[in-house]
There are 2 protein chains.
Amino acid sequence: MNLENTKAQMRKGILEYCILSMLSDKEAYASELIRALKEAKLLVVEGTIYPLLTRLKNEGLLTYRWEESTGGPPRKYYLVTPLGSKFLTELDNTWNDLVGSVNKLTGKGQG
Amino acid sequence: MNLENTKAQMRKGILEYCILSMLSDKEAYASELIRALKEAKLLVVEGTIYPLLTRLKNEGLLTYRWEESTGGPPRKYYLVTPLGSKFLTELDNTWNDLVGSVNKLTGKGQG
DNA sequence: TTATAGTACTTTGCATAGCATGGTACTATT
DNA sequence: AATAGTACCATGCTATGCAAAGTACTATAA
């Protein structure tokens, strides 16, 4: 049995929520997001986050602007669109429901 | 954008935790589990739960016994093995860490 | 100039798990 | 015999996280 794999599965679908939420506070570029996610003990790699950002942009939930960097290649600063903000509200509810359901089933709630 | 799909993704990997936890309290068969999960607002269908139970059994986390039913086909009653119980403890920690991480990133925690 | 290192963005292919769908088998009712 | 309800099982699809490799820009060192 592989605990790491199970952990990875638990993270699935939650990254999308976290990233939308992070970008609703202030814009950021991918490497910044990766650092923040790692600090929060959520392991994320480039191959995960770049396709995810592109997908959210194509769906109209995010937009971005280029910004030159003094010490490296230019950066893509992403931010949430009005549609993304609306979707984030629904994800907030979804997440809260999910936590409630799991806590109930695992006996932490009123279960 | 498809909210239902995102919800399904969020559920990924969490079912395994929920089912192990439910079966650590008392044994149950698949249809019982489905009913309980639906009551807790976690949408689950047969095509999801049967392969999952088989997988957990093959990994030694669950075992089962047959029991005849008066009004239908026999039932497979699953229960958690000692190995499954040990694994469940780790999933408890994983889940708590995940909730902490998400709440921190989405600004519900200490920010 | 050339080479190396650091940063940032991109793409490809794989493994996994949830799900839709259809099927089998047992019992009870009509 | 036919239908309905319950329970278990198998197949194929899809989406996502991830490993790995690649591209491009800047700064530093030889």
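Everything numeric in this text was worked out from a predicted model, so none of it was measured. A note on names: the letters A, B, ... follow the listed sequences, proteins ahead of strands, and every chain is numbered from 1.
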State whether [X] places a side-chain N or O below 4.0 Å from either non-bridging phosphate oxygen (OP1 or OP2) of [N].
| X | N | answer |
| --- | --- | --- |
| Arg75(B) | dC8(D) | no |
| Asn5(B) | dT16(D) | yes |
| Tyr50(B) | dC9(D) | no |
| Arg11(B) | dA17(C) | no |

- Item | Residues touching DNA chain D, which here means a heavy atom under 4.0 Å, drawn from residues 20-37 of chain A |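 Listed by number, there are none.
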Calculate the interatomic distance between [X] atom [atom1] and [N] atom [atom2]; express it in whole Å.
| X | N | atom1 | atom2 | result |
| --- | --- | --- | --- | --- |
| Arg55(B) | dA10(D) | CZ | C1' | 16 Å |
| Ile14(A) | dC18(D) | CD1 | P | 12 Å |
| Leu15(B) | dC19(C) | CG | C1' | 11 Å |
| Asn58(B) | dA17(C) | CG | P | 12 Å |
| Leu62(A) | dC9(C) | CG | C1' | 16 Å |
| Lys57(A) | dT10(C) | NZ | C1' | 12 Å |
| Tyr77(A) | dT7(C) | OH | C1' | 12 Å |
| Ile19(A) | dG17(D) | CD1 | C1' | 11 Å |

- Query: Which parts of nucleotides 19-30 of chain D does protein reach within less than 4.0 Å, heavy atoms only, written one letter per nucleotide 5' to 3' as B for base, S for sugar-phosphate only and - for none?
  - Reply: BB---BBSS---
- Hey, which sits more toward the 5' end of DNA chain D by its nearest nucleotide, Tyr64(B) or Lys12(B)?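 Result: Tyr64(B).
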- Message: Holding to side chain to side chain contact (heavy atoms under 4.5 Å, CB included), I want the full list of residues that pass it with Asn96(B), two or more places apart in sequence or in another chain.
- Response: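 Once residues adjacent in sequence are excluded, the partners of Asn96(B) under the side chain to side chain contact (heavy atoms under 4.5 Å, CB included) criterion are Lys108(A).
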- Shortest non-hydrogen contact from Val80(B) toward Ser24(B):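 Val80(B) and Ser24(B) have their closest heavy atoms at CG2-N, 3.6 Å.
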- Task: Check whether any side-chain N or O of Thr94(A) sits under 3.5 Å from a backbone N or O of Glu90(A) as a donor-acceptor pair, and report yes or no.
- Result: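 Here the side-chain-to-backbone pair exists.
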- Message: If you assign each of Tyr78(A) and Gln9(A) to its closest nucleotide in DNA chain C, which residue comes earlier from the 5' end?
- Response: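 In this pair, the answer is Tyr78(A).
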- Item | side chain to side chain contact (heavy atoms under 4.5 Å, CB included) assessment of Tyr77(B) paired with Leu23(B) | CA-CA 10 Å; Tyr77(B) 277 84; Leu23(B) 293 177; over 6 Å; no
- Message: If the condition is salt bridge (charged side-chain N to carboxylate O under 4.0 Å, His left out), which residues does Lys76(B) pass it with, not counting sequence neighbours?
- Response: none
- Task: Taking the side chain as every heavy atom from C-beta outward, state whether Met10(A) and Leu91(B) have any atom pair closer than 4.5 Å.
- Result: yes
- Shared hydrophobic cluster for Leu105(A) and Tyr29(B) (ILVMFWY, side-chain gaps under 4.5 Å):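 Not linked; separate clusters.
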- Please, which pairs that meet side-chain hydrogen bond (donor to acceptor under 3.5 Å, both in side chains) have at least one residue in residues 60-72 of chain A, sequence neighbours excluded?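 side-chain hydrogen bond (donor to acceptor under 3.5 Å, both in side chains) check on residues 60-72 of chain A returns Glu27(A)-Arg65(A), Arg65(A)-Glu67(A).
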Can you give each donor-acceptor pair under 3.5 Å made by side-chain atoms of residues 36-51 of chain B, sequence neighbours left out, with the distance rounded to 0.1 Å?
none

